[in-house]
Structures are given as structure tokens and as C-alpha cells.
Protein chains: 2
Amino acid sequence: MYLYLIRHGIAADSDPLALDSIASDELRPLTKIGRKKVEQVADKLTRLDLKFDLIMTSPLVRAQQTADIYMDRQISPKLEVNQDLKPSGSLQSWLTAWHARSTADSFSTLAVIGHEPNLSEWAELLLFDQVYHQLILKKGGIIGLKFPEQRIEISMAQLYCLIPPKILLSGG
Amino acid sequence: MYLYLIRHGIAADSDPLALDSIASDELRPLTKIGRKKVEQVADKLTRLDLKFDLIMTSPLVRAQQTADIYMDRQISPKLEVNQDLKPSGSLQSWLTAWHARSTADSFSTLAVIGHEPNLSEWAELLLFDQVYHQLILKKGGIIGLKFPEQRIEISMAQLYCLIPPKILLSGG
């Protein structure tokens, strides 16, 4: 199966005067340019006929807005908000929940939308069972992992693609 | 600096009746489809304004033909054939020669065109100093490594992109 790790697009800065800095971070929306880049990436993936069985997104506004852009293009029939995809979430917790639920449904292509450094760390754990911090995942970028079995497991992934959004942007 | 590892395009099968199977392998040309896919990838990189200071290619026909397609688009001012990029070549040998010569010239973007499993193994060594065989490099595909310094060193790379050619093909 394929797992796509998608980083949210470029977002506005936090309000420096906010009393609650975590809440303020959670509310940061995509900027106009951030939205446009995600739209271009999603358009390109649509033309390549990529489909996801499910998109799971971090509850943070910038991630949900990124997910909505994908959903608008009907790349996935289903969107779920997942707390483990927050910046404070952990792969182990997400993986446990995923294994519990994925026995019920069958998925062959899953996308998760979240944050750095989480997503590139998760990718390294799924690939090598080790965190190197050597994968560069830009905002709006995508890491594609392939699992030989139907199951997502640590150190069982192969790296299928790592795509900076620039590569997919206009210019044909 | 950036190092792009580019795998040759799809090539014809070896002549099964050849007396010298190594020589026969060395002569395998790109197929029509292989050539077309490499052309589309090179066209896309041209539109993205990617330039190399130098392309080094394996001497095998399918690699040299891949290099020629890039050279035709003037992506690089210079092409060199390098024996260490043959399937029998080693990273250590290539790296020693490269360090000897790169003190003379200054390069910021280098492309090498070669074979699997060499290129993805070289990438893993440059990233992690370990070979996992977990990077999937398709024919015509590209691995992009970024080095924080001007020098190419084992375990100093960051993975900037891994691009299956399909991602860059037509469809805009």
C-alpha cells in the first residue's frame, strides 16, 4: 500500500500579541501564496490521476485548509481529522489507532496532512526505524512511501517519491 | 551544493545470443519509449530552469544516450564520461577522484547519470553512511541531494527530492 505524507502549505505568522501562543498557532491560516501552491500541486496530482482512499488531516487550520483543497478536487472520497497528526502527536500512537481501524476497512492509498518535523521523522522511522533528519519536506511537499504488504509498519517502507512543490508547479 | 543522481531511461534487452554478455549489456540502447520519457523529464527540468555545472555519465550506451538528451537541451555546459559510474564502479573510488578534481574547479550543481542499484546505494551512503535498499529509483528517475558545504561527503547529504519520471511527464 501507499502512504503519502503531505505537509501543509505556507501559513501566516502567529499573532505575536496572542495571550495563548498554542491556540494562536493552531489558528494560522494559509497565505494566498500558500493556498495557490497547494492548489497547483493538487491540480497536478489530479491530472496524474492520483487518488487516495482516505485523507487524514491534523486539526490545525493550515492543515485542514490544505486538506480542503485536495477534497475540492475529489482526490479522496473521505476526510478525517486526526489528533495524532497535531505537532504534538506521535507515530506510535497514530500507528496503533490505524492498525486497530484498518483491519475493518481496506485501504491501498492513504494520505495524511500534517506538520514538520513530524512527517519527515515518521517517514524515516517507517523507512529505517531511525531518525536522521535528512529528508527535506518543504511546505506543500509530499513524501510517498510504499509498503510491500497491506500493512503500514516501522522499517518496512520504501521511499517512492519526495517531491518539493516547486517541481509540480506551473510551467507544464 | 546539489548532486543529482539520474538513472538512464528504459533500454532494450540484451542480445540473448551475444557471446560476450558484458559487452552486449554495455551496448543496449534506449528504447523509443525510454528516449521519450527522458526527453519529457529533461524538458520539464528545462522549464523549471534547472541547470547543472557538469554532467558525468557512465560510459554505457543507455547512460550516454540519456546524457545526450540532457545536453541537447543545454542543461549543462559540459559532459564527461566517467568509468566509476559503470555498474561495476564504486562510490569511494568516484568520490576520491571527485575530491581531487573539484578543488581545481568550483561546482555548485552536479549531475551523474548511471545505473541501479548503484545510484540509490550511493544516495543512501551519502545520506546515512549505510545501505538500506529502501529508495526506489525508477528508470529516468532522479534523486536530488543537498550538501550544506561545497563538498560531497558520506553521511553529509540531505534528501532534497526523489522523483519518479511519471510525476514529471505530460499532463501539465
Side-chain angles (χ1 to χ4, degrees), chain A residues 2-7 37 39-50 73 116-117 119-121 123-138 140-148 153-172, chain B residues 2-7 37 39-50 73 116-117 119-121 123-138 140-148 153-172:
Chain A
Y2 288 87
L3 171 63
Y4 290 89
L5 306 168
I6 302 174
R7 187 176 177 195
K37 283 193 179 181
E39 285 170 353
Q40 287 184 311
V41 171
D43 284 342
K44 174 71 188 183
L45 297 185
T46 305
R47 288 196 297 275
L48 288 169
D49 235 359
L50 185 67
R73 281 149 186 82
E116 277 293 272
L119 293 181
S120 63
E121 289 178 8
E124 289 183 333
L125 288 168
L126 292 167
L127 287 160
F128 314 120
D129 194 11
Q130 192 157 334
V131 172
Y132 290 100
H133 293 122
Q134 304 283 70
L135 307 187
I136 301 174
L137 182 60
K138 304 259 189 190
I142 299 174
I143 294 174
L145 301 177
K146 183 180 178 179
F147 294 84
E153 294 279 9
I154 281 172
S155 86
M156 291 303 287
Q158 292 184 292
L159 187 64
Y160 170 71
C161 64
L162 190 161
I163 308 169
K166 196 170 69 178
I167 298 278
L168 297 185
L169 299 190
S170 55
Chain B
Y2 287 87
L3 171 63
Y4 290 89
L5 306 168
I6 302 174
R7 188 177 177 194
K37 282 191 180 182
E39 284 170 354
Q40 288 184 311
V41 171
D43 284 342
K44 174 71 187 183
L45 297 185
T46 305
R47 287 196 297 275
L48 288 169
D49 235 358
L50 185 67
R73 283 153 185 78
E116 276 294 89
L119 293 181
S120 63
E121 289 177 9
E124 289 183 332
L125 289 167
L126 292 167
L127 286 159
F128 313 119
D129 194 11
Q130 189 155 336
V131 172
Y132 290 100
H133 294 122
Q134 304 282 69
L135 307 188
I136 301 174
L137 182 59
K138 304 260 188 191
I142 300 174
I143 293 173
L145 301 177
K146 182 179 179 179
F147 294 85
E153 294 281 8
I154 283 173
S155 85
M156 290 304 287
Q158 291 185 292
L159 187 64
Y160 170 70
C161 63
L162 189 161
I163 308 168
K166 196 170 69 177
I167 298 277
L168 297 185
L169 299 190
S170 54

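Just so we're on the same page: letters track the sequence lines, and every chain starts at 1. In this text the structure is predicted, and so the values were computed from the model without any measurement.
The shortest heavy-atom contact between B:Gln158 and A:His133 is NE2-O, 3.9 Å. Looking at every heavy atom in both residues, A:Cys161 comes nearest to B:Pro164 through CB-CD, 3.6 Å.
Rounding to the nearest 0.5 Å places CG of A:Leu159 at 6.0 Å from CG of A:Leu145.
Proximity to chain A is absent for every atom of B:Ser120, based on heavy atoms less than 4.5 angstrom apart. The contact between A:Tyr160 and chain B is made by backbone and side chain atoms together, counting heavy-atom distances below 4.5 Å.
The shortest distance between side-chain heavy atoms of B:Gln40 and B:Leu168 does not fall below 4.5 Å.
Between chain A and the options B:Leu45, B:Leu127, B:Asp49, the largest number of non-hydrogen pairs under 4.5 Å is found for B:Leu127.
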